[in-house]
Amino acid sequence: MADNHFTPHAALFDLTGKRALVTGGTRGIGLMIARGLLQAGARVVISSRDAGACAQARSHLSGFGDVEAFPADLSAPDGCHRLADLVTADSDRLDVLVNNAGAMWREPLETFPAEAWDTVLDLNLKAPFRLVQALLPALRAAATPDDPARVVNVGSIAAIHVAAAPNYSYAASKAGLHQLTRVLARELGPQHVTVNAVAPGPFPSQMMATTLATLGDAIAAKAPLRRLGHDDDMAGVAVFLACRAGAYLTGAVIPVDGGIATTASGT
Ligand SMILES: NC(=O)c1ccc[n+]([C@@H]2O[C@H](COP(=O)([O-])OP(=O)(O)OC[C@H]3O[C@@H](n4cnc5c(N)ncnc54)[C@H](OP(=O)(O)O)[C@@H]3O)[C@@H](O)[C@H]2O)c1
């Protein structure tokens with residue numbers, strides 16, 4: 001039987017001709033995602049607050065493809081709008097928006113400060129919403145029914161299970177981001193924009209450096225897959241969500257955690 005939606009294997013995962021923005025793409029998980037998208041053929045824009053880090057990451061990533069880097073502080077609305085303006089300055093189309101930039105704050109309940117709520121919610125929850133708002137015209141311009149534009153939010157297993165460390169605002173921000181993913185998916189589906197989230201388990205990064213230096217071996221030993229996350233684990237799921245193969249998913253929160261939260265028994 002003829003199937004007019006049959007795509008050859010290589011093209012299923014090919015991002016040639018696509019343009020993606022990865023916030024926080026200068027290091028850690030954002031860098032893993034940016035590298036994966038570039039290797040799949042996309043042109044990628046990365047951003048972070050630090051202009052030096054942007055330049056360094058751009059230089060590193062340029063070995064994998066066509067990459068630009070724009071410094072921007074996404075913790076306030078004007079930074080989000082400035083980045084959106086820069087991204088759309090020479091192209092009014094954006095195929096993939098990866099909301100990855102994030103901050104963590106751990107402190108005991110008794111001393112947990114108001115600032116730890118504002119800092120974390122501004123970046124982890126409000127910035128993804130503001131960037132979707134600001135970049136929606138560009139996402140709509142890239143979208144087609146068969147190949148929707150994509151929003152990929154980087155959540156966390158901290159919003160799926162309860163971490164041992166006190167991370168009140170972080171866990172709440174990621175739970176909010178997971179639900180915001182579903183809310184936006186329902187609204188933007190008919191406009192041919194998918195909205196999904198990835199919920200990483202432990203991946204080596206600056207954010208996780210202290211935790212993994214002391215507890216990394218123990219965390220890996222307890223994980224069903226007996227290891228921490230690797231760069232390719234994150235690159236792979238991001239490419240899947242961005243390419244033809246992932247075109248019929250929306251409103252999904254995908255744990256990439258070696259089974260840590262997905263198989264937690266609670267006993
Ligand atoms: N690593 C893990 O195990 C893990 C697990 C679950 C979820 N996650 C999530 O994955 C994402 C990336 O985390 P990561 O571990 O890769 O952290 P990371 O190494 O600390 O990287 C964070 C990135 O965000 C940028 N950033 C921080 N504050 C910013 C701001 N105000 N405006 C713009 N950019 C900002 C940083 O660059 P500048 O400092 O130069 O701005 C950096 O590029 C986060 O959303 C995090 O919650 C990570």
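When a ligand or atom number is given, it counts from 1 through the structure's own listing order. Start at 1 with the first residue, then count along the sequence.
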Quiz item: So which of V152, L21, V22, N153 actually passes side chain to side chain contact (heavy atoms under 4.5 Å, CB included) with N99?
Solution: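 Going through V152, L21, V22, N153 one by one, the side chain to side chain contact (heavy atoms under 4.5 Å, CB included) with N99 is satisfied by N153 alone.
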For [atom], the option (of [options]) bearing the nearest heavy atom:
{"atom": "atom 25 (C) of ligand 1", "options": "S173, G79, G24", "answer": "G24"}
{"atom": "atom 44 (C) of ligand 1", "options": "N100, V198, I219, V154", "answer": "N100"}
{"atom": "atom 19 (O) of ligand 1", "options": "K174, R49, M234, R27", "answer": "R27"}

Assess [X] for proximity to ligand 1: is some non-hydrogen atom of it under 4.0 Å away?
{"X": "A127", "answer": "no"}
{"X": "P202", "answer": "yes"}
{"X": "G201", "answer": "yes"}
{"X": "M104", "answer": "no"}

Exercise. Indicate yes or no: does an N/O atom of I29 lie under 3.5 Å from an N/O atom of ligand 1?
Key: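 Yes, at least one N or O pair falls under 3.5 Å.
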Quiz item: Do any nitrogen or oxygen atoms of Y170 lie less than 3.5 angstrom from nitrogen or oxygen atoms of ligand 1?
Solution: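 For ligand 1, there is an N or O atom that lies under 3.5 Å from one belonging to Y170.
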Exercise. Select one of side chain, backbone, both or neither to describe which atoms of L74 lie under 4.0 Å from any atom of ligand 1, heavy atoms only.
Key: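 For L74, the contact with ligand 1 is made by both the backbone and the side chain.
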Quiz item: Which part of M208 is near ligand 1, with near meaning a heavy atom under 4.0 Å away: side chain, backbone, both or neither?
Solution: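 Just the side chain.
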Residue [X] vicinity, atoms of ligand 1 by number, heavy atom under 4.0 Å:
{"X": "G155", "result": "7 (C), 9 (C)"}
{"X": "G28", "result": "16 (O)"}
{"X": "A72", "result": "32 (N), 33 (C)"}
{"X": "D73", "result": "30 (C), 31 (N), 32 (N)"}
{"X": "Q206", "result": "19 (O)"}

Practice problem: Answer yes if the side chains of D14 and T16 hold a donor-acceptor pair under 3.5 Å, and no otherwise. | Solution: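 Yes, T16 and D14 have a side-chain donor paired with an acceptor closer than 3.5 Å.
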Self-check item: Between S75 and D73: side-chain donor-acceptor atoms closer than 3.5 Å
Solution: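 Their side chains do contain a donor-acceptor pair, which is all the 3.5 Å distance test asks for.
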